[in-house]
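Here's the structure, in structure tokens; my notes come after.
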Amino acid sequence: MLDDAGATQPAEADDWRALMDDAEKVAALMSANGLAPEETWVGRPEHRYDPDELCTLHTRYGRRNQRWLSLGDEARRSTLAAFRASLDERPELLVWRPEVVYALARRP
């Protein structure tokens, strides 16, 4: 929807997520920083947004916010109305299931 509204892409940022996107990388990072990894695992927690919460998230934070701010007032209004309507039609968009790497470590 942001593309359709003509939102600009923000400058590329460093993607640090690739440094810790699996349990082995997280354990290696902990070891390299003086910690003794005890356990690492991957899980998929679930968060259910309400429509207002999700709209706030997308219009006030992160890279989507940067794109949002590149739009004029009318484009913002119409894009937000279309996004809200899509949430009514597709409630699965309100559920977020990220892959998360969990880790426990101790100081040696």
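Everything numeric in this text was worked out from a predicted model, so none of it was measured. Throughout, numbering of the chain's residues begins at 1 and tracks the sequence.
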OG1 (Thr59) and CG (Leu2) are apart, to the nearest 0.5 Å, by 10.0 Å
Here the gap from His47 atom NE2 to Trp96 atom CH2, rounded to the nearest 0.5 Å, amounts to 8.5 Å
Identify all side-chain donor-acceptor contacts of residues 99-108 below 3.5 Å with residues at least two apart in sequence or on another chain.
from: Arg106; atom 1: NE; to: Glu38; atom 2: OE2; distance (Å): 2.5

Side chain to side chain donor-acceptor pair (under 3.5 Å) filter on Arg77, not counting sequence neighbours, yields Glu74
With a cut-off of 3.5 Å and sequence neighbours excluded, list every side-chain donor-acceptor pair involving residues 16-23.
from: Arg17; atom 1: NE; to: Asp15; atom 2: OD1; distance (Å): 2.8
from: Arg17; atom 1: NH2; to: Asp15; atom 2: OD1; distance (Å): 3.3
from: Arg17; atom 1: NH2; to: Asp15; atom 2: OD2; distance (Å): 3.3
from: Asp21; atom 1: OD1; to: Lys25; atom 2: NZ; distance (Å): 2.7
from: Asp22; atom 1: OD1; to: Glu24; atom 2: N; distance (Å): 3.1
from: Asp22; atom 1: OD1; to: Lys25; atom 2: N; distance (Å): 2.8

- Is a side-chain donor or acceptor of Arg76 paired with a backbone partner of Leu71 at a separation under 3.5 angstrom? yes
Is a side-chain donor or acceptor of Arg97 paired with a backbone partner of Arg44 at a separation under 3.5 angstrom? no
Applying salt bridge (Lys or Arg N to Asp or Glu O under 4.0 Å) to Glu92 and not counting sequence neighbours gives Arg90
In short, salt bridge (Lys or Arg N to Asp or Glu O under 4.0 Å) pairs touching residues 52-62 with sequence neighbours left out are Asp52-Arg84
Residue pairs passing the side chain to side chain donor-acceptor pair (under 3.5 Å) test with at least one member in residues 62-73, sequence neighbours excluded, are Asp3-Arg67, Thr8-Ser70, His58-Arg64
Sorted by chain and number, sequence neighbours left out, side chain to side chain contact (heavy atoms under 4.5 Å, CB included) with Leu94 holds for Tyr49, Pro51, Leu54, Leu87
Applying side chain to side chain contact (heavy atoms under 4.5 Å, CB included) to Ser31 and not counting sequence neighbours gives Pro37
Residues passing the side chain to side chain contact (heavy atoms under 4.5 Å, CB included) test with Glu89, sequence neighbours excluded, are none
For Glu39, the side chain to side chain donor-acceptor pair (under 3.5 Å) test, sequence neighbours excluded, returns none
Checklist entry - Are Leu93 and Leu80 grouped together when hydrophobic residues (ILVMFWY) are joined by side-chain heavy atoms under 4.5 angstrom apart? => result no
Is the number of heavy atoms from other residues, nucleotides or ligands under 6.0 Å of Trp41 CH2 greater than 12?
-> yes
